[in-house]
Amino acid sequence: MTIVRISDDALALACGADTVANAFAEIGCTVERTSSWGMHWLEPLVEVNGTGFGTVTPDDISAILENCSTKSIGKIADHPFIARQQRLSFARAGRTRPLSLEDYEATGGWAGLTRARSLMPDAVVSEVTLSGLRGRGGAGFPAGIKWQTVAGAAGARKYVVCNADEGDSGTFADRMLMEGDPFQLIEGMAIAAHAVGATLGYIYVRSEYPHAIAKLKAAIALAAEIIAPFQIEVRVGAGAYVCGEETSLLNSIEGKRGEVRAKPPLPAHSGLFGCPTVINNVLTLAAIPHILIEGGAALYDSHGIARSKGTMPIQIAGNVKHGGLFETAFGITLHALIYDIGGGTASGRPVKAVQVGGPLGAYIHPDRFDLPFCYEAYAGVDALIGHGGVTVFDDTADMGRMARFAMEFCAAESCGKCTPCRIGSTRGVELIDRICAPQATVDAVAALPQMHNAAKSARSRAEDIALLGDLCETMKDASLCALGGFTPYPVLSALQHWPEDFEPEV
Amino acid sequence: MNNSARIDQIIATHAGREGPLLPILHDVQKEFGCVDAEAEAQIAHGLNLSRAEVHGVVSFYHDFTAAADPRAVVQICRAEACKARGVEALIGAAEAAAGGRVRISTVYCLGLCSVGPNARVGSDLHARLDEAALVKLVQSA
Ligand SMILES: Cc1cc2nc3c(=O)[nH]c(=O)nc-3n(C[C@H](O)[C@H](O)[C@H](O)COP(=O)(O)O)c2cc1C
Ligand code: SF4
Ligand code: FES
């Protein structure tokens, strides 16, 4: 009997994988639902006897089974998109069934946990420190140091919290990992629990990810005995981007408004319900099982450049021909990612800009596509790698509209705690509108009687641009968290590199 | 069972958990299509919170609504990666197809950013939408 492998990842489903799977099953094939290889432009991707077939529809099935399909891409693992990667966290992607404990064990699953539990907790922490692993949620804080702080904090009760809020546009690696290899995340959390002395863990998943939520719940039930006495519960977000910020997330689990907390205290000292808490991103925790196998820490540390160690699951998204998940050691250039791997734009038009790191990341001009993918190099040019999303835009993109959207998004998602973010973002939208379509009238807010210091004559366009710069400086300096503090980066980078997109239409 | 008895039941299901409020609100929203003032008061009473505290939480999150909307919902992603793939050009046609019967709502990212424009109806996801496909989706919602 023919065994047919088709992913049940949400993206494959959105591209019609279920219809294809059912059609194969109806004619008597055995269909195995696996995780996704991450070659998204080829989904639904079907594997028959080791050979892959891309963008399959039910109409292609007879040709595939008769071995005369034109949609063959050869052996999937040999495809250049896969062969060029260095997959550690996504080593199982496309190869195993997400909820099969048997597949997980057969591919080295639980080896990291078994070894970690044979070590003293502080030895586990030092291996994580040695690996050079930094937080993959955005800030890039060294994971080992965070764990050490929690391990050393006094407290009868401690928590491990997984940040699976993945709100950044252009990112999907957390989702793919939770749906495709949930046991690996569970194993990573169990190792963290052993290292810091926690007994309870939460995974906070955004409500936009129903498939991931279902997979996690099923996987936790299957793995309960293996990770005991540690326990994990899934908590579902409620559509607030800011709840990805760690302290807002903790408030949300506690049943409060997702307002950001002032630090200190750090969550490591006083986190969930006031207890010492490790909070890490999905990818950070999922890298842990690898690091804890014999020799794993040194292997991890041998990848990457400078202070950016290990591999990063990069997400190639937006207007790109070959979009998907590309895990590789730090150091790769945008040029390689976009052209050699991504194949250029999907539209076939020239690339105009790339936004790296989600809605708070700067727009990068093709002049800088030689930048190596690493935390410090990006910070050096006022950009960030964030959660590793790379969103490509072609030359039809209007960067004035994108800058306006950045402010609009900040206004919609602000938690409201600080003025520069809560109000500045709305003023920013208005300013960009005035810059793109100058008004001869005094703006409505400046005209208010209580605005004593505002000029009572209409500002010129140059004055509006200067004011936007001023507003952005205030938001950067006076916001409590990165939502208000980093929104200026996409705005200012768009204005700096594409000023023509802010020109009034004639 | 009347609404109030059902809400009490939901509260009881979650009462033993740490931080039970969000799970309760999700269940109430799912069952009644909203968390209205009455439900807020009852949940506040059940958890020994003030109504203001519960209202503060309900109004903070986009997923909870104060009044039910009987229309079918089509959520369209309008975040950066879907904009890069042309979603904005489709919105007019989607809204026209929706008329008064369907509610078009905006989401920021469904995690399918390499295959947009994308939309979600319930837990069904749809990718690679062009105008015709999106209009068809709205019409069949
Ligand atoms: C507005 C905002 C949104 C964030 N969203 C996320 C998110 O969705 N996922 C995530 O892991 N971290 C997010 N972060 C970063 C977290 O605050 C925090 O740095 C992270 O959870 C720490 O885990 P890590 O060290 O493993 O990266 C966000 C931060 C801010 C300011
Ligand atoms: S910067 Fe914005 S989101 Fe962050 S704490 Fe301040 S108001 Fe809240
Ligand atoms: S930006 Fe639309 S799905 Fe991510």
Side-chain angles (χ1 to χ4, degrees), chain A residues 10-11 13-15 40-41 43 166-172 174-176 200 207-212 233 235-241 243 252-259 272-273 315-320 323-324 346-347 355 358-359 389 391-394 397 401-402 405 409 412-413 415, chain B residues 14 17-27 29-30 35 43 47 49 52-65 75 77-89 105-120 122-129:
Chain A
L11 184 136
L13 300 183
C15 294
H40 291 162
W41 75 99
E43 293 287 0
E166 196 166 63
D168 289 357
S169 162
T171 67
F172 41 75
D174 292 352
R175 181 186 62 68
M176 284 183 65
L200 194 56
S207 61
E208 290 84 347
Y209 283 177
H211 301 87
E233 192 182 319
R235 282 296 168 96
V236 180
Y241 174 75
C243 284
S252 188
I253 297 179
E254 291 181 13
K256 298 177 183 149
R257 291 164 66 85
E259 254 174 31
L272 191 59
F273 302 105
Q315 299 124 86
I316 308 176
N319 196 332
V320 64
S347 60
Q355 187 178 35
T391 301
V392 181
F393 292 81
D394 74 7
R401 304 300 301 170
M402 296 315 298
F405 176 69
F409 182 78
E413 300 298 332
C415 86
Chain B
H14 297 291
R17 308 171 86 167
E18 296 180 314
L21 185 53
L22 253 66
I24 291 173
L25 295 177
H26 271 300
D27 283 1
Q29 174 77 33
K30 191 166 166 210
V35 184
I43 294 165
L47 297 183
L49 297 169
E53 280 171 295
V54 176
H55 181 68
V57 174
V58 171
S59 56
F60 184 88
Y61 295 96
H62 300 300
D63 283 3
F64 307 133
T65 51
Q75 294 183 305
C77 172
R78 294 176 72 178
E80 286 88 345
C82 283
K83 286 194 198 298
R85 296 181 69 95
V87 69
E88 293 303 318
S105 81
T106 297
V107 285
Y108 293 128
C109 197
L110 294 166
L112 313 171
C113 323
S114 46
V115 290
N118 303 310
R120 177 180 166 193
S123 53
D124 284 340
L125 297 167
H126 303 268
R128 297 180 186 139
L129 295 167

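Below, chain A is the first sequence line, B the second, and so on; all start at residue 1. None of the values given here were measured: they were computed from a predicted structure. The figures here come from the full heavy-atom set of this structure, side chains too, leaving out hydrogens, waters and symmetry mates.
When each of A:Ser347, A:Cys415, A:Ala346, A:Gly324 is scored by its heavy-atom pairs under 4.5 Å with chain B, the top score falls to A:Cys415. Of the listed residues A:Ala397, A:Gly167, A:Gly323, A:Ser207, the one with more heavy-atom pairs under 4.5 angstrom with chain B than any other is A:Ser207. Annotation: maximal heavy-atom pairing with chain B below 4.5 Å, among A:Glu43, A:Arg401, A:Gln315, occurs at A:Glu43. Between chain A and the residues B:Cys77, B:Ser123, B:Ala119, the most heavy-atom pairs under 4.5 angstrom are made by B:Ser123. With chain B as partner, the option from A:Gly318, A:Ala238, A:Pro210, A:Ala412 having the largest number of non-hydrogen pairs under 4.5 angstrom is A:Ala238. The candidate with the highest count of non-hydrogen atom pairs below 4.5 Å against chain B, out of A:Gly239, A:Cys243, A:Gly389, A:Gly358, is A:Gly239. Contact tally against chain B (heavy-atom pairs below 4.5 Å) for A:Pro359, A:Ala212, A:Gly258: the top residue is A:Gly258.
Of the atoms belonging to A:Asp168, it is backbone heavy atoms, and not side-chain ones, that fall under 4.5 Å from chain B. If you measure heavy-atom distances from B:Arg78 to chain A, the contacts under 4.5 Å come from the backbone alone.
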TODO: Walk me through it: do B:Ser59 and A:Arg257 pass the test side-chain contact (heavy atoms from CB on, under 4.5 Å)?
DONE: CA-CA 9 Å; B:Ser59 56; A:Arg257 291 164 66 85; 4.0 Å; yes

Open item on the list: Run the side-chain contact (heavy atoms from CB on, under 4.5 Å) test on B:Tyr61 and A:Ser252 for me, step by step, so that the C-alpha distance in whole Å, both residues' side-chain angles and the decisive distance to 0.1 Å come before the verdict.
Closed with: CA-CA 10 Å; B:Tyr61 295 96; A:Ser252 188; 3.0 Å; yes

Task: Full working for side-chain contact (heavy atoms from CB on, under 4.5 Å) between B:Glu18 and A:Leu200 - done: CA-CA 11 Å; B:Glu18 296 180 314; A:Leu200 194 56; 3.5 Å; yes

- [ ] Would you check, one step at a time, whether the test side-chain contact (heavy atoms from CB on, under 4.5 Å) holds for B:Leu125 with A:His211?
- [x] CA-CA 10 Å; B:Leu125 297 167; A:His211 301 87; 3.7 Å; yes

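Rounded to the nearest 0.5 angstrom, B:Ser114 OG and A:Phe172 CZ are separated by 4.0 Å. Summarising the geometry, atom CZ belonging to A:Phe409 is positioned 7.0 Å from atom CD belonging to B:Glu80; distances are rounded to the nearest 0.5 Å.
A donor-acceptor pair is defined here as one N or O able to donate and one able to accept, closer than 3.5 Å; no such pair exists between the side chain of A:His40 and the backbone of B:Cys113. Side chain of A:Asn319 to backbone of B:Arg85: no donor-acceptor contact under 3.5 angstrom is found. The backbone N or O of B:Gly19 lies less than 3.5 Å from a partner atom in the side chain of A:Arg235, making a donor-acceptor pair.
Minimum interatomic distance between B:Phe60 and A:Ala240 (heavy atoms only, all atoms of both residues): CE2-CB, 4.1 Å. Considering every non-hydrogen atom in both B:Cys109 and A:Thr171, the closest pair reads SG-O, 4.4 Å. For the pair A:Gly237 and B:His26, the tightest heavy-atom approach, listed with the atom from each and the gap, is O-NE2, 2.8 Å.
Side-chain contact check for A:Ser169 versus B:Lys83: every heavy-atom pair is 4.5 Å or farther apart. Residues A:Val236 and B:Leu22 are not in side-chain contact: their nearest non-hydrogen atoms beyond the backbone lie 4.5 Å or more apart.
The ring of B:Tyr108 has its center no closer than 6.0 angstrom to the ring center of A:Tyr241.
Ionic pairing of A:Glu233 and B:Arg17 is present here: one or more N-O contacts between side-chain nitrogen and carboxylate oxygen are shorter than 4.0 angstrom.
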